[in-house]
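Everything on this sheet refers to the single structure shown next.
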Amino acid sequence: LSRPASALAFLEAFDAGRTATNEVPLDLLRPLAQFKNEKINALVRKHWGNLQPGTPEEKLAEIRRLSNDLRAGEGDLKRGRELYRKHCATCHKLFGEGEIVGPDLTTANRKDREYLLVSIVDPSAVIRKEYLSFAVHTIDGRTLNGLIVEQAPGKITLLTAKNERIGIDRAKIESLEESPVSLMPENQLKELKPQEVRDLFRYLQSDAGK
């Protein structure tokens with residue numbers, strides 16, 4: 001999906017019914033909008049809908065909905081930890097568990113429910129300097145997104161949202177630009193049921209995660 005031609009071929013295979021659309025995580029499809037290719041955009045809309053960032057009004061409505069869900073009952077700490085491991089630990093660390101693609105949540109303002117909701121629903125609202133992501137366009141037509149974690153005279157290394165390190169020769173880079181969008185995808189909570197949201201927040205806001 002990092003090249004327009006191969007991405008289009010991949011999406012056309014979906015359109016022809018040669019594979020199942022649910023095999024592709026949505027966060028891998030969102031960067032395809034950078035290609036500004038009408039055929040690619042049309043196929044993504046046809047099978048997955050509009051994957052562009054939500055409007056401020058949509059995000060506020062989502063925050064209100066989730067706030068109501070959280071107020072409707074109590075969460076389970078143990079189930080919340082399992083949900084954290086599945087949905088958050090790939091990028092964040094909490095109580096020493098997880099990766100460091102994004103900020104360490106242990107010292108974050110986790111007790112503020114509103115802060116947590118805004119950070120999850122609208123991750124691009126505030127991006128700390130050390131977590132700014134970049135889009136790298138190569139001369140062979142690829143587009144790669146991630147944090148720049150290493151820089152050498154002849155190469156840079158990106159850390160992707162999947163916690164993968166990709167080295168790119170500077171001689172192969174056509175352009176490098178800072179992304180206004182967080183590496184963390186939106187809609188992280190939309191797949192969760194209300195009780196699962198309560199469970200996850202119970203763990204995220206706990207004192208020791210025991």
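In this text, all values refer to a predicted model and were calculated from it rather than measured experimentally.
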I'd like to know if [X] and [Y] make a salt bridge, using a cut-off of under 4.0 Å between side-chain N and carboxylate O.
{"X": "Lys111", "Y": "Asp207", "value": "yes"}
{"X": "Lys39", "Y": "Glu12", "value": "no"}
{"X": "Asp122", "Y": "Lys59", "value": "yes"}
{"X": "Lys162", "Y": "Glu164", "value": "no"}
{"X": "Lys46", "Y": "Asp15", "value": "yes"}
{"X": "Glu97", "Y": "Arg81", "value": "yes"}
{"X": "Arg65", "Y": "Glu62", "value": "yes"}

Measure across [X] and [Y] and return the closest heavy-atom pair with its distance rounded to 0.1 Å.
{"X": "Ala7", "Y": "Phe35", "value": "CB-CE1, 4.4 Å"}
{"X": "Pro4", "Y": "Ile40", "value": "O-CD1, 3.6 Å"}
{"X": "Ala161", "Y": "Cys91", "value": "O-SG, 3.2 Å"}
{"X": "Met184", "Y": "Pro123", "value": "O-CG, 3.3 Å"}
{"X": "Leu77", "Y": "Ser206", "value": "CD1-CB, 3.7 Å"}
{"X": "Gly98", "Y": "Lys93", "value": "O-CE, 3.3 Å"}

Is [Y] close to [X] at the side-chain level, that is, under 4.5 Å between some pair of heavy atoms?
{"X": "Ile120", "Y": "Phe201", "value": "yes"}
{"X": "Leu94", "Y": "Asp104", "value": "no"}
{"X": "Phe134", "Y": "Ser179", "value": "no"}
{"X": "Pro103", "Y": "Arg128", "value": "yes"}
{"X": "Thr157", "Y": "Ile148", "value": "no"}
{"X": "Leu116", "Y": "Gln205", "value": "yes"}

Would you compute the distance between atom [atom1] of [X] and atom [atom2] of [Y] and round it to the nearest 0.5 angstrom?
{"X": "Leu159", "Y": "Asn145", "atom1": "CG", "atom2": "CG", "answer": "12.5 Å"}
{"X": "Leu117", "Y": "Leu70", "atom1": "CG", "atom2": "CG", "answer": "5.5 Å"}
{"X": "Leu8", "Y": "Asn41", "atom1": "CG", "atom2": "CG", "answer": "10.5 Å"}
{"X": "Thr90", "Y": "His92", "atom1": "OG1", "atom2": "NE2", "answer": "9.5 Å"}
{"X": "Leu183", "Y": "Ile127", "atom1": "CG", "atom2": "CD1", "answer": "9.0 Å"}
{"X": "Gln188", "Y": "His87", "atom1": "CD", "atom2": "NE2", "answer": "8.5 Å"}

According to a 4.5 Å side-chain heavy-atom criterion applied to Ile, Leu, Val, Met, Phe, Trp and Tyr, with indirect links allowed, do [X] and [Y] form part of one hydrophobic cluster?
{"X": "Leu43", "Y": "Leu32", "value": "yes"}
{"X": "Leu1", "Y": "Ile166", "value": "no"}
{"X": "Val118", "Y": "Leu189", "value": "yes"}

Ignoring hydrogens and geometry, is there a side-chain-to-backbone donor-acceptor pair from [X] to [Y] under 3.5 Å?
{"X": "Glu82", "Y": "Arg79", "answer": "no"}
{"X": "Asn187", "Y": "Lys190", "answer": "no"}
{"X": "Ser124", "Y": "Ser182", "answer": "yes"}
{"X": "Ser2", "Y": "Leu144", "answer": "no"}
{"X": "Gln195", "Y": "Glu74", "answer": "yes"}
{"X": "Thr138", "Y": "Thr143", "answer": "no"}
{"X": "Arg110", "Y": "Leu204", "answer": "yes"}
{"X": "Asp169", "Y": "Ala171", "answer": "no"}
{"X": "Arg202", "Y": "Gly75", "answer": "yes"}

Tyr203 vs Tyr84 aromatic rings, parallel, tilted or perpendicular, using cut-offs 30° and 60°?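 Ring orientation of Tyr203 relative to Tyr84: tilted.
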
Around Glu38, counting heavy atoms of other residues, nucleotides and ligands shown, do more than 12 lie under 6.0 Å from its CD?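 Result for CD/Glu38: open.
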
Can you tell me if Ile100 has over 12 outside heavy atoms packed within less than 6.0 Å of its CD1?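 Atom CD1 in Ile100 is not crowded, with 12 or fewer foreign heavy atoms closer than 6.0 Å.
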
Decide side chain to side chain contact (heavy atoms under 4.5 Å, CB included) for Leu158 and Val149; before the verdict, give the C-alpha distance in whole Å, the side-chain angles of both, and the deciding distance to 0.1 Å. CA-CA 6 Å; Leu158 289 183; Val149 291; over 6 Å; no

Less than 3.5 Å apart, any donor N or O on the side chain of His137 or Glu177 sitting next to an acceptor on the other?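 The answer is yes; a qualifying pair exists.
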
Walk me through it: do Asp76 and Arg198 pass the test salt bridge (charged side-chain N to carboxylate O under 4.0 Å, His left out)? CA-CA 7 Å; Asp76 181 88; Arg198 290 191 285 271; over 6 Å; no

Using side chain to side chain contact (heavy atoms under 4.5 Å, CB included), reason through Thr160 and Leu147 one step at a time and then give a plain yes or no. CA-CA 7 Å; Thr160 72; Leu147 309 178; over 6 Å; no

Checking side chain to side chain contact (heavy atoms under 4.5 Å, CB included) for the pair Glu114/Ile63: CA distance, chi angles, key distance, verdict? CA-CA 8 Å; Glu114 188 75 11; Ile63 290 171; 3.9 Å; yes

Side chain to side chain contact (heavy atoms under 4.5 Å, CB included) for Cys88 and Leu200? Distances and angles first, verdict last. CA-CA 10 Å; Cys88 311; Leu200 177 60; 4.2 Å; yes

